[in-house]
K.L.:
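Below you will find the structure I want to go over with you.
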Amino acid sequence: MEELKILPQCQHSCSWLKDKLTWYKKQDFWNTQKLHLGSILAQENFKAEPSDLMLCSLPKSGTTWVKALSFAILTRQQFDESTTPLRTTFPHDVIPSIEEDLEKINKVNRNELTSSAPLMMSSHLPYTCLPESVISSNCKIIYIYRNVKDVIVSHYHFLREIFKVAIEEAPFDDAFEEFCEGISLYGPYWNHILGYWKASLERPGRILFLKYEDLKRDPTASVKTLAEFLGNRFSDEEVGKGVVESIIKLCSFEKMKNLDVNKTGLRHNRERKFYFRKGKDGDWENYFTREMKEKIDGIIHEKLISSGVDLVVT
Ligand code: A3P
């Protein structure tokens, strides 16, 4: 594997985030060094099949939630609420990440799996950095996205927790300014969204955009759309029996957050409980000044809306 060439580009000399994220010039995005390495390994070694399903997102957009929902949808004929592996397995372990769990994915015997269920995996990589086989296989992609302001707040707390920085030593302003410069996990945020948006125009019907706020507002409609896209739509009988509602309940924030498996233990050295914070939309109002709101709205207008992106992210 080619040696990592990291450019030291962090602009904020006073930031508690200084040098935590780095820019790898061959990839065109920000990340931790460890995740840059995982990304390169995935690009070089992951082989997608046309029947694979990929869940793609920026971190902190609702990935954990959609993993739980997708797994519950795809396995509902095998398990019910009391037997589902989600009660004892972290959602990121039932749907592994190509950047972080490649070894595990490569051990899966696809021949055995394909007859029962498609293989579902996740990635935070920008579209143009996905392994070539993901693009050439034309496999289906679900893209979960979220209001940028809530992503900024969630990202701030997550980085603070994983890098073990006390809240009083971690001014939100620093994290906000860095995010606006594009410095965030797999960021810039806007490049990520723009990449998947452009791809969806080139690959009609192969990329489903799901919005965190829509899942919150009308989970029944979003879960039905997700199931249909996964190739596993709910029958009228299932709808009548309340199967959709029971999946929504099983994967709800309160239920997931309070499961022992999600309260304890680690995922690649990060405490699993950090993946469940408030689970609300609109928390940004507790953090943003008017100037911050105007600044980020301006950036989104310039980078996304003026490029014709028809997704509401503010
Ligand atoms: P907050 O930090 O705003 O609470 P990701 O899974 O992409 O890392 O995103 C994490 C965000 O999704 C966190 O947001 C987390 O609390 C929220 N989340 C996790 N599980 C959820 C669920 N079942 N329902 C709603 N939100 C959830």
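The figures here come from the full heavy-atom set of this structure, side chains too, leaving out hydrogens, waters and symmetry mates. In each ligand, atom 1 is the first atom listed, and ligand 1 is the first ligand listed.
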K.L.:
Is ligand 1 under 4.0 Å from a heavy atom in the side chain of Ala68, in the backbone, in both, or in neither?
P.N.:
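It is neither; nothing of Ala68 touches ligand 1.
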
K.L.:
Under a 4.0 Å heavy-atom limit, does Arg146 contact ligand 1 with its side chain, its backbone, both, or neither?
P.N.:
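Only the side chain of Arg146 comes within reach of ligand 1.
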
K.L.:
Other residues, nucleotides and ligands only: do more than 12 of their heavy atoms fall within 6.0 Å of CG on Asn286?
P.N.:
yes

K.L.:
Does His157 have a heavy atom less than 4.0 Å from any atom of ligand 1?
P.N.:
no

K.L.:
Please classify the Phe158 to ligand 1 contact at 4.0 Å (heavy-atom distances, strictly less than): side chain, backbone, both or neither.
P.N.:
neither

K.L.:
I'd like to check Cys139 versus Pro50 (side-chain heavy atoms, cut-off strictly below 4.5 Å). Are they in contact?
P.N.:
no

K.L.:
Roughly how far, to the nearest 0.5 Å, is CD1 of Ile296 from SG of Cys180?
P.N.:
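Answer rounded to 0.5 Å: 4.0 Å.
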
K.L.:
Within the 4.0 Å heavy-atom shell around Tyr275, which atoms of ligand 1 are there?
P.N.:
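Listed by number with element: 15 (C), 16 (O), 19 (C).
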
K.L.:
Can you confirm if the aromatic rings of Tyr212 and Trp65 lie within a centre distance of less than 6.0 Å?
P.N.:
yes

K.L.:
Gly62 heavy atoms, cut-off 4.0 Å: which ligand 1 atoms fall inside?
P.N.:
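Once the distances to Gly62 are compared, the set is 5 (P), 6 (O), 7 (O), 9 (O).
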
K.L.:
Which residue and non-hydrogen atom of the protein lie closest to atom 6 (O) of ligand 1, and at what distance in Å?
P.N.:
Thr64 OG1, 2.4 Å

K.L.:
Provide the closest heavy-atom pair for Leu250 versus Lys255 in the form atom of the first, atom of the second, distance.
P.N.:
O-CG, 3.3 Å

K.L.:
Within less than 4.0 angstrom of ligand 1, does Ser61 place any heavy atom?
P.N.:
yes

K.L.:
Tell me the protein heavy atom at minimum distance from atom 24 (N) of ligand 1, and give that distance in Å.
P.N.:
Trp65 CD2, 3.3 Å

K.L.:
Please report which non-hydrogen protein atom sits nearest to atom 13 (C) of ligand 1, along with the residue it belongs to and the distance in Å to one decimal place.
P.N.:
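Residue, atom and distance for the closest contact: Ser154 OG, 3.6 Å.
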
K.L.:
Indicate whether any N or O donor in one side chain lies under 3.5 Å from an N or O acceptor in the other, for Lys67 and Ser122.
P.N.:
yes

K.L.:
With a heavy-atom distance limit of 4.0 Å, tell me whether Ser252 approaches ligand 1 through its side chain, its backbone, both, or neither.
P.N.:
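It is the backbone that gets close, since no side chain atom is under 4.0 Å.
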
K.L.:
Atom CZ in Arg76, atom CG in Asn232: separation rounded to 0.5 Å?
P.N.:
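Reported value, rounded in 0.5 Å steps: 4.5 Å.
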
K.L.:
Under 4.0 Å from a heavy atom of Lys278: which atoms of ligand 1 are those, numbered in the order shown and with their elements?
P.N.:
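So the answer, numbered in order with elements, is 4 (O), 16 (O).
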
K.L.:
Checking a contact table here: which protein heavy atom is nearest atom 26 (N) of ligand 1, and how many Å away?
P.N.:
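It is Tyr212 OH, 2.8 Å.
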
K.L.:
With only distance considered, is Gly279 within less than 3.5 Å of ligand 1 through an N or O on each side?
P.N.:
yes

K.L.:
A side-chain contact here means heavy atoms from C-beta on lying under 4.5 Å apart; do Lys293 and Trp284 qualify?
P.N.:
yes

K.L.:
With heavy-atom distances below 4.0 Å as the criterion, list the atoms of ligand 1 near Cys251.
P.N.:
23 (N)

K.L.:
Any idea which atoms of ligand 1 are less than 4.0 Å away from a heavy-atom of Thr63?
P.N.:
5 (P), 6 (O), 7 (O)

K.L.:
Is it true that Tyr287 and His157 have ring centroids separated by less than 6.0 Å?
P.N.:
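Yes, close enough.
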
K.L.:
Consider every N or O of Phe276 and every N or O of ligand 1, then say whether any pair is closer than 3.5 Å.
P.N.:
no

K.L.:
Write out the residue and atom name of the closest protein heavy atom to atom 21 (C) of ligand 1, then the distance separating them to 0.1 Å.
P.N.:
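Answer, as residue, atom name and distance: Phe253 CD1, 3.6 Å.
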
K.L.:
Among all protein heavy atoms in this structure, tell me which lies nearest to atom 8 (O) of ligand 1, with the distance rounded to 0.1 Å.
P.N.:
Lys60 NZ, 2.7 Å

K.L.:
Considering non-hydrogen atoms of the protein only, which is the closest contact for atom 16 (O) of ligand 1, and what is the distance?
P.N.:
Arg277 N, 2.9 Å

K.L.:
Might you work through the side-chain hydrogen bond (donor to acceptor under 3.5 Å, both in side chains) test for Ser137 and Glu49, ending with a clear yes or no?
P.N.:
CA-CA 6 Å; Ser137 68; Glu49 301 278 339; over 6 Å; no

K.L.:
What I'd like to find out is whether the side chain of Leu55 reaches to under 4.5 Å of the side chain of Met121, using heavy atoms alone.
P.N.:
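Of all side-chain heavy-atom pairs linking Met121 with Leu55, none is under 4.5 Å.
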
K.L.:
Any side-chain donor paired with an acceptor under 3.5 Å for Gln43 and Glu132?
P.N.:
no

